[in-house]
Undergrad: 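The structure follows.
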Number of protein chains: 2
Amino acid sequence: MQRNNGAGNADADRSTTVPPGRPGPTRGNVLDRGVRLLRAFRPSEGALRLTELSRRTGLPKATVHRLAEQLTALGLLQRAPAGFLLGIGLFELGELVPVKLRLREAALPFMQDLYEATHETIHLGVRDGLDVIYADKIRGHAGIDTPSRVGGRLPLTCTGVGKVLLAYAGQGLIDEVLAQPLPRLTAHSVTDPGRLADELAQIRYSGVGYDRQEAAPRLSCVASPVLVHGQIVAALSISVPAHQLQPARLAPAVRTASLALSRVLSRAPDNH
Amino acid sequence: MQRNNGAGNADADRSTTVPPGRPGPTRGNVLDRGVRLLRAFRPSEGALRLTELSRRTGLPKATVHRLAEQLTALGLLQRAPAGFLLGIGLFELGELVPVKLRLREAALPFMQDLYEATHETIHLGVRDGLDVIYADKIRGHAGIDTPSRVGGRLPLTCTGVGKVLLAYAGQGLIDEVLAQPLPRLTAHSVTDPGRLADELAQIRYSGVGYDRQEAAPRLSCVASPVLVHGQIVAALSISVPAHQLQPARLAPAVRTASLALSRVLSRAPDNH
DNA sequence: CGTGGCCGTCCCGCCCAACGGAACGGTCGC
DNA sequence: GCGACCGTTCCGTTGGGCGGGACGGCCACG
């Protein structure tokens, strides 16, 4: 029997998988299948029909039917005229996750300050593996379009928030990132390891990081770390149209907010 | 072994299995148990230890151990020094739920407008059964404390947002609510069905509803409906200290925002 | 230093519930 | 009317979920 991820550092990589020779007929356990069903839904899509779910998950139709019915009873899915949608129960659970519950609660007022001072789009991001996950984002009517989405992922090296998170994440992770080819989202994405290393050092020196159209064309941003007891827990950023990037004005603003948030978080119950 | 924590509320009631005469030894399927594990977590609590999870769910320790391990591999839980926490994967999934993804995206700029005009706490709520679920909430440093939480529930009849949602929900639901005793959160909560009916009519007439310390002491609010094709989908509100409730100033603001949001949502792809 | 409580982990045989191929009935559009 | 595709239901098979129990580590006791 497989003992499966001893230390379980990285992620997923469920060792189950099909033993090479066999075209495994049944693989996976029930929970895995249920989650696979939920993950079949993507943003900006509507309801999914039973057959489509079956296609995406590779599960037999009868199985999907049974599981989807159970998930619906649990509130994780809901029926729509045109198939299934993710249910409100999933939203309720998601809001209980500490990254959301604690961090956002503390950060929101400072994000509001930043928004009011600049009227630009504000991000709050945390690190998961080699990605940044956006914990929150606020924008007004005029806010610039960004590839980010609350709950969405982007590579650490392609965004301001991500580079800041990486800069303070420790040498081990930095080495790991530099060792493999750097992902590229635009023509401006940093793909030279040496240049990235320099930039990370510069971030640690100044407490501010930049993204110059590295995640999306015409989009730049200024980011700053949120540290608790010397440990990085998140990063804040302001996103602006590339031609309006004014470090002299934005850097102090974002730095001030991140320092103030760091201070608030440092004296908190903090059950980690 | 006692028959699991009752949890007598409506919920589930899966008609399958459990022939009436038998004291079902194990009831519930795998997915149900997994979700029960996730729902054992409550806001403002830290990590839960294996034994505590076992206590709360009524599941044997060995079972909890196995399930928790699987959920961790799936990213729905994560290990902490002091036990388990809800995992970031759950947050990712929660952010894909349509109520969050679509509604919030559209509503946020209008909520920002309201915040900037008043600097009070702004809520966005949707209805689920007889509760309001808060889809979003923004507040600044000075924002008043509220019993609400993003992803949290309160009874429809005890909040401004809730009463507005109820007023437009259709006579069937209104009758259902009026038929049973009305919940009470404070001494000011409306518990007289006749008075509530009047108030709902007044809301439909004016497009604005009030909460006068009915959800929490010293907290009042002004709410207004978001309608798409005549159907209510959400409600917006401004919460203020009770002694500062100024309908003449706040009602037009919240009404304007809700109408503008209604208009935006009415011309959208809207895959329901 | 023994002891007893509580913890997380692991083992393993029992057996039931998950499984899915297949058949069915409804609803379109040609 | 016919075929394509849909969601639903049935039911025999079996693999994996199940959990009692054992184990070893870690305290706070006496």
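Numbers restart at 1 for each chain; the letters A, B, ... are given by sequence-line order, proteins then strands.
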Undergrad: In terms of heavy-atom contacts, does CD of Glu105(A) have more than 12 from other residues, nucleotides or ligands at under 6.0 Å?
TA: no
Undergrad: Just how far, in rounded Å, is P of dC6(C) from CD of Glu52(B)?
TA: 14 Å
Undergrad: Rounded to whole Å, please give me the gap between CG in Leu31(A) and P in dA18(C).
TA: 11 Å
Undergrad: Rounded to the nearest angstrom, tell me the gap between atom CG in Asn29(B) and atom P in dG17(D).
TA: 12 Å
Undergrad: Take Arg36(B) and Arg56(B), measure what side chain to side chain contact (heavy atoms under 4.5 Å, CB included) needs, and give me the verdict at the end.
TA: CA-CA 9 Å; Arg36(B) 225 192 301 171; Arg56(B) 294 196 184 189; over 6 Å; no
Undergrad: Let me spell it out: for each of Glu69(A) and Leu67(B), pick the nucleotide of DNA chain D with the closest heavy atom. Which residue's pick is nearer the 5' end?
TA: Glu69(A)
Undergrad: Measure from the side-chain heavy atoms of Thr51(B) and tell me the nearest of dA18(C), dC7(C), dG19(D).
TA: dC7(C)
Undergrad: Measure from CG on Leu48(B) to P on dC7(C) and round the result to the nearest Å.
TA: 13 Å
Undergrad: Looking only at side-chain N and O atoms, does Arg33(A) come under 4.0 Å of OP1 or OP2 in dA18(C)?
TA: no
Undergrad: Select one nucleotide: of dG8(C), dG17(D), dG20(D), the one nearest the side-chain heavy atoms of Leu50(B).
TA: dG8(C)
Undergrad: Please classify the nucleic acid contact of Thr63(B) as base, sugar-phosphate, or nothing, using heavy-atom distances under 4.0 Å.
TA: base
Undergrad: According to a strict under-4.0 Å criterion, is Arg66(A) in side-chain N/O contact with OP1 or OP2 of dA18(C)?
TA: no
Undergrad: Hey, does Arg49(B) reach any base, or is it just sugar-phosphate, or nothing, if we go heavy atoms under 4.0 Å?
TA: sugar-phosphate
Undergrad: Measure the distance from CG on Leu37(A) to C1' on dA18(C) and round it to the nearest whole Å.
TA: 15 Å
Undergrad: So if I take every side-chain heavy atom of Ala62(A) and compare against dG21(C), dT9(C), dG17(D), which nucleotide ends up nearest?
TA: dG21(C)
Undergrad: Using whole Å, what does the distance between atom P of nucleotide dG19(D) and atom CG of Leu53(B) come to?
TA: 15 Å
Undergrad: Give a yes or no on this: more than 12 heavy atoms of other residues, nucleotides or ligands lie within 6.0 Å of atom CD of Gln231(A).
TA: no
Undergrad: Between His65(B) and dG8(C), is there a side-chain N or O to OP1/OP2 distance below 4.0 Å?
TA: no
Undergrad: Strictly below 4.0 Å: does Arg55(B) bring a side-chain N or O up to OP1 or OP2 of dC6(C)?
TA: no
Undergrad: Checking side-chain hydrogen bond (donor to acceptor under 3.5 Å, both in side chains) for the pair His229(B)/Ser266(B): CA distance, chi angles, key distance, verdict?
TA: CA-CA 6 Å; His229(B) 306 132; Ser266(B) 294; 4.9 Å; no
Undergrad: So for Lys61(A) and dG20(C), does any side-chain atom that can act as donor or acceptor lie under 3.5 Å from a complementary atom in the base?
TA: no
Undergrad: Say we look at dC29(D) and dG25(D): how far apart would their P atoms be, to the nearest angstrom?
TA: 22 Å
Undergrad: Roughly, in whole Å, what's the span from CG in Asp32(A) to P in dA18(C)?
TA: 15 Å
Undergrad: Carefully, step by step, assess Asn29(B) and Gln70(A) under the rule side-chain hydrogen bond (donor to acceptor under 3.5 Å, both in side chains).
TA: CA-CA 9 Å; Asn29(B) 55 31; Gln70(A) 291 175 13; 3.2 Å; yes
